[in-house]
Structure formats: structure tokens, C-alpha cells
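This one's a predicted model, so the numbers in the text were calculated from it and none came from an experiment. Here, residue 1 is the first one in the sequence, and each next residue gets the next number.
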Amino acid sequence: MQAVTSTSSRIDAKRRAVLDPRKRQFAKSEWIDPDYEHRLNFYQTPPTKDISLEDFEEWAIARLKVLSELEACSFRNRTPEETSEYMRPVLEKWLRLDSNKSRSGELSAQRKKDHYSHWTLRLAFAGTAELRQRFAKLETQLFKLRLQSDYDDEKRDFIKGLKMSWEMVGPEEKATLLKDLKAATGFSQSRGDEEAWFKVDWESVPDLVSQRQVLLKRGKAYVHIREQLTMVQNAFTRSLDSGLELAARFLPRMDEDNRLAPILHHLSQSFVAPEANYSESNSLGDLAKVSAGDIDGMSKHFPLCMQNLHRELRKNSHLKHYGRLQYTLFLKGIGLSLQECQMFWRKAFKLIADDKFNSEYLYNIRHAYGDVGGDANKRGRGYTPYSCQKLLTEALPGPGQSHGCPYRSYTPDNLMSLLQAIGVNDREVLRGVKEDVGRQRYHIACNRVFEAAHKVELKKAKDESSLPSSNFDTILHPNEYFKRSFVLRNLGMVKKGDIGVDGPSQEAMSQ
Ligand code: SF4
């Protein structure tokens, strides 16, 4: 990963531009990976070894997934305990970090992925003050979560390795100052406080000084050991803040790298809503056969973007091009065959004659399914259904168009009316949606509506399938919304445990 290091001596953009990649194949790597002694990392040293572009992007996307789930927890006002429970499977899946005690053979690979993905996102989010702030906040939360879950002895070793400028108060000094130390730091045996203090320069703990929670003596602040974790977290944030400022200054150099710049740009866009690829498991598969005549009935499971298109279609017996494309791909994604899809559109465009329909509309439907056309259709599979990220970052629809995501494109008043029209009447939910939308957290608003609409089923699913109390990660794809809604409303049709972080299992789908 030489291309993403941050010291000027390592990056010579002009030189890099004339390097012949063929001559590099026999070159010895100048950089070596650290040995990752600890599970936790302060990310003070950038990684320097080469990695493939695929790993560069994949690892960053995995980390982004973790950060966005963490952010979703705070938008949903989850308590620290709920957040930690919710994040456990998410972290296991995307960014697992085992302890030294685990003796896992994967330790080094896990820590390397963690290290590289942090630095990739650091570059991706260094561009604006808002992104830097958001990234630093989430990274600090992640660090805190991991710090709290670390084994005590491993935590102690890690903190010791940080070489922070604090000194434990020795037995003699402690004995002399014990009374003052206890009084100044609110030491209390009854809450299990450990009888241990350390001393630091008083300027490094301004908060504790102003709250009178330390003993001050000859320029030193005597701090109780219980404050150590908070101090480590604060040091982490300070170090990351200054690292992000530094990265921002180096960003223009990255623009010269035409391999990394598009990836970094794409990653920074992903903070709107993380990318989620369409998965075949989001179709109904063998759970139910979908025909053209079922779409009206099934539309109650659709997310707002698709319900909106369906309503417009029924109202006007017509949809403009982008709306048609968005809806066709979605219907294809839920499992509607090409023949059924053609039938669906033919009936829906009832004011249009056969000739006109065949000459102006049929081709596009077949093209979306990969039945005709070249380019993306080369393998005959056609286009994949659009993700929330795509719908949330494309140009806004113009007059008479209905495509995109209504949480983003509708005015707050029109959005409230649309939600009420599809049966979302709970004031608290509507208020939450307004707030999410005001903060441009569109996919969070959508998840809020989903959770409210499926409250009873979600509880039942969790109870019956022994899922952890909050095991449904954030929905990031309209087809994922549909599948999850359908499965929850038809719980009897699926096996216990079939709905989890990944949606219904492949095993269930094939039965
Ligand atoms: Fe559709 Fe995604 Fe918007 Fe929800 S957040 S309405 S699923 S685009």
C-alpha cells in the first residue's frame, strides 16, 4: 500500500507516474508490515506494504459497513449496552478482531485488514471538515467498543505500549498523599474503586482539572486509575483528529493516482448510505412464485420508493423512463420472470395501444433482463436492481418523474402525506422521519418506517428464532426491504433462524 502512505518522502507523485509496472515485479518490497502485537491499534503509523486494489476497496467497504451500523445505533438512540450487543455480530462478520488469548491463526490477517481499512477510510474521509468530524466520531466509538471488550491484561499491555506520559504513583508517595488523593479524586471503596493513581502534566487533563476531580501538586495532576480508559479514548481522538488534518493536506496528491482516486471518491460517497450489492437471496426464490397479477397484493411489502412508483403507475397508467427502469429492475429482483414482467407492464399501460407498447417500451424491459442488447448485458443477465446508495446519490427526479428515493426527493410535507397515504400514522415515527430527513439520513428514515411497520413481527421473529434482541442490520437495498418484509409477514413459511443479519439463508431458499 505504498500509494496510500502519508509522508512526502515516500510519495513522489511525479516519480510514481513514470514507474514502469513491468520493472517492479522483481523488486524487493522495501516496507514490512508491523507485527500487530496488540488487538487494538492507535493507527499512528500508516501501513506500507503493497496490497491488491481489490483488498484495498473490499476492506474499506467492510469497515464502512461497521461504521455505518454504529452510526445507525446512535440515530436510533440505542443504549451503550444495546449498541454493544447489536454490533457484536456485525463486527464478527465484517471486521473480526480476535484477542491474543484466542490463539487464532487469523490474528495477523485480521489486524492487517483493520489497519489498512482504517487508513483507506482516513484518506477517503479527510476531504471535508464534516466528513473528518463524522469519521473521527465513529472511529472513536469503535475504538471504545473494542477497548471495553478487551481482556483486562491485554488492555493493560496495550495501554502500556502506548508510552503515554503518565507515571504510576509509587507506594511511598501514595502512602504520604493517600488522604488528599482520596478526597480530591472521589475515591470510594464502596463502588469497588481500585487504590491506584497516576500522575500526568495537568495541561493534559483540562476536563478533570476543571471538574476538580484530580489532586494538583507541583504542576502534576494526580488522576485516579478509573479515568484511564477515558484518557486513552481522548488521546485516540486527538491523535486521529490531527492525523485527519494531515491526510487532508496530502489529498491533492491522491488525485494524481487514477487507480485510487475513483475508489476513494466512491467510498466518501458511501457515507450517504453504504453500498449494498443486490443478492440473489433477495428474490423470493422457492418461497413463492411471483406473477404479474400478484404485484398489487405484494406492493404492501415494498419500500416507499417502489410503493411510490406503483401508486403513480396505477394512477396515471404510465411511468417515465427512469421510473420504469427502476421499477422493472426491482420487480426482476423480487423474482418476476421476463414474461410476467412484460405482461405486468402491458396491462399497466392500458391507455397505450399494442403497437406503440411493442415499439417504444418492450425493448427496454427485455434489455433490463438481459434478453437483448450488449454492454452490461453481455452475459445475458441484464442489469442488477438499484441499491439505496445509487438511488440516493443520483440526480433528483424532474417534473413528472417519480424515480429515486422519496425520503430525499420529496419536500417534508409531501413526504408526510405520502407516508400517511401508505398507512404510516404513528406521530412519533413521523417525527423521527422528519428529523432523519432533516439530517439527510434518508436510509435511517426508511429503516425507522420498516421497524415501526413490522414491530409485532420483528418481536415474534426474535422471540421464536432465538435471535439476539437486535439482530437485523440496517436495510440498504430496496429488494432487501421487500424480502425482509415478506418473510416477516409470512413467518410460518420459513424455518426458525432463517432471518438473520444476512436475510434468509441459502439453505432455506433451496428447500
Ligand atoms: Fe427505497 Fe432505499 Fe429510499 Fe428506502 S432508503 S425508500 S429502500 S431508496
Side-chain angles (χ1 to χ4, degrees), residues 278-280 282-388 390-391 394-395 397-406 409 418 421-423 477-483 485-486 489-490:
Y278 170 73
S279 146
E280 295 281 332
N282 284 327
S283 85
L284 286 188
D286 292 340
L287 275 183
K289 279 272 163 271
V290 193
S291 66
D294 297 327
I295 302 300
D296 281 324
M298 282 192 169
S299 67
K300 62 176 181 287
H301 299 298
F302 293 177
L304 194 61
C305 48
M306 303 304 167
Q307 286 212 38
N308 187 37
L309 289 172
H310 191 75
R311 289 166 63 87
E312 288 298 312
L313 177 63
R314 288 293 178 241
K315 192 165 86 189
N316 304 320
S317 302
H318 189 265
L319 271 185
K320 292 206 170 180
H321 174 74
Y322 289 113
R324 266 191 340 261
L325 181 57
Q326 178 178 324
Y327 200 30
T328 300
L329 292 175
F330 171 78
L331 293 175
K332 176 186 162 193
I334 72 174
L336 194 68
S337 69
L338 172 60
Q339 286 68 28
E340 289 293 325
C341 193
Q342 287 173 191
M343 208 182 298
F344 170 78
W345 285 109
R346 179 62 287 241
K347 282 191 180 157
F349 278 31
K350 58 188 178 202
L351 306 178
I352 287 171
D354 277 346
D355 284 358
K356 190 173 161 67
F357 181 83
N358 291 341
S359 63
E360 292 182 21
Y361 300 103
L362 200 54
Y363 183 87
N364 286 341
I365 300 168
R366 292 178 61 199
H367 191 259
Y369 273 75
D371 193 43
V372 286
D375 53 70
N377 287 340
K378 272 191 199 111
R379 279 170 291 153
R381 304 183 66 176
Y383 296 100
T384 43
Y386 294 156
S387 67
C388 296
K390 180 166 172 66
L391 296 173
E394 298 262 292
Q401 294 181 315
S402 318
H403 63 275
C405 172
S409 57
L418 177 60
I422 65 159
H477 200 294
N479 287 84
E480 198 182 349
Y481 186 110
F482 164 76
K483 180 63 178 282
S485 172
F486 184 87
R489 295 260 162 84
N490 294 278

(message) Between Lys332 and Ala368 (side chain of the first, backbone of the second, donor and acceptor by atom type, cut-off under 3.5 Å), is there such a pair?
(response) yes

(request) Would you please indicate if the ring centroids of Tyr386 and Phe330 are separated by under 6.0 Å? (result) no

(request) Quick one: pull up CD1 in Ile365 and CZ in Arg324 and give me the separation to the nearest 0.5 Å. (result) 7.5 Å

(request) Anything under 30° is parallel, anything over 60° is perpendicular, the rest tilted; go ahead and classify Phe357 against Phe349. (result) perpendicular

(request) Looking only at non-hydrogen atoms, find the nearest pair between Leu338 and Tyr369 and report the distance. (result) N-CE2, 3.5 Å

(message) Working to the nearest 0.5 angstrom, can you tell me the gap between Ser291 OG and Met298 CE?
(response) 8.0 Å

(request) Could you tell me if the ring centre of Tyr481 sits under 6.0 Å from that of His301? (result) no

(message) Quick check against the 3.5 Å criterion: does Ser359 have a side-chain atom that pairs as donor or acceptor with the backbone of Lys356?
(response) yes

(request) Look up atom CZ in Arg314 and atom OG in Ser299, then write down how far apart they are to the nearest 0.5 Å. (result) 8.5 Å

(message) How long is the straight-line distance from CZ of Phe344 back to CG of Leu331, given to the nearest 0.5 Å?
(response) 5.5 Å

(message) Checking the side chain of Ser387 only, and the main-chain atoms of Lys390 only, is there a donor and an acceptor separated by less than 3.5 Å?
(response) yes

(message) Contact between Met306 and Phe482 at the side-chain level, heavy atoms closer than 4.5 Å - yes or no?
(response) no

(request) Would you check if the side chain of Gln326 reaches a backbone N or O of His403 as a donor-acceptor pair within less than 3.5 Å? (result) no

(request) Provide the closest heavy-atom pair for Asn316 versus Leu351 in the form atom of the first, atom of the second, distance. (result) O-CD1, 4.4 Å

(message) Can you confirm whether Trp345 sits close enough to Leu362 that some side-chain heavy atom of one is under 4.5 Å from a side-chain heavy atom of the other?
(response) no

(message) Between Lys315 and Glu312, does any side-chain N to carboxylate O distance fall below 4.0 Å?
(response) yes

(request) Please confirm whether the backbone N or O of His367 pairs with a side-chain atom of Asp371, one donor and one acceptor, at under 3.5 Å? (result) no

(request) Any chance you could measure Cys341, atom SG, to Ile295, atom CD1, to the nearest 0.5 Å? (result) 8.0 Å

(request) Can you see which heavy atom on Gly404 is nearest to which on Cys305, and at what distance? (result) O-CB, 3.5 Å

(request) Using only heavy-atom distances, determine whether the side chains of Tyr361 and His318 contain a donor-acceptor pair under 3.5 Å. (result) yes

(message) Are the side chains of Asn364 and Leu325 in contact, using a 4.5 Å heavy-atom criterion?
(response) no

(request) Could you tell me which non-hydrogen atom of Ala421 sits nearest to which non-hydrogen atom of Arg311, and how far apart they are? (result) CB-NH2, 3.5 Å

(request) Starting at CG of Asp296, measure out to CG of Leu313 and round the result to the nearest 0.5 Å. (result) 9.0 Å

(message) Please determine whether side-chain contact (heavy atoms from CB on, under 4.5 Å) holds for the pair Phe486 and Ile334, giving the CA-CA distance in whole Å, both sets of side-chain angles, and the decisive distance to 0.1 Å.
(response) CA-CA 10 Å; Phe486 184 87; Ile334 72 174; over 6 Å; no

(request) List the atom of Leu329, the atom of Thr384, and the distance in Å for their closest heavy-atom pair. (result) CD1-O, 3.7 Å

(message) Looking at Asp294 and Lys289, is any side-chain nitrogen of the basic one under 4.0 Å from a carboxylate oxygen of the acidic one?
(response) no

(request) Quick one: closest heavy-atom pair of Pro478 and Leu391, and the distance? (result) CG-CD1, 4.0 Å

(message) Is it the case that the side chain of His477 and the backbone of Pro385 share a donor-acceptor pair, with hydrogens and angles ignored and the cut-off at 3.5 Å?
(response) yes

(request) Mark yes or no for whether Gln401, through its side chain, and Gly398, through its backbone, hold a donor-acceptor pair below 3.5 Å. (result) yes

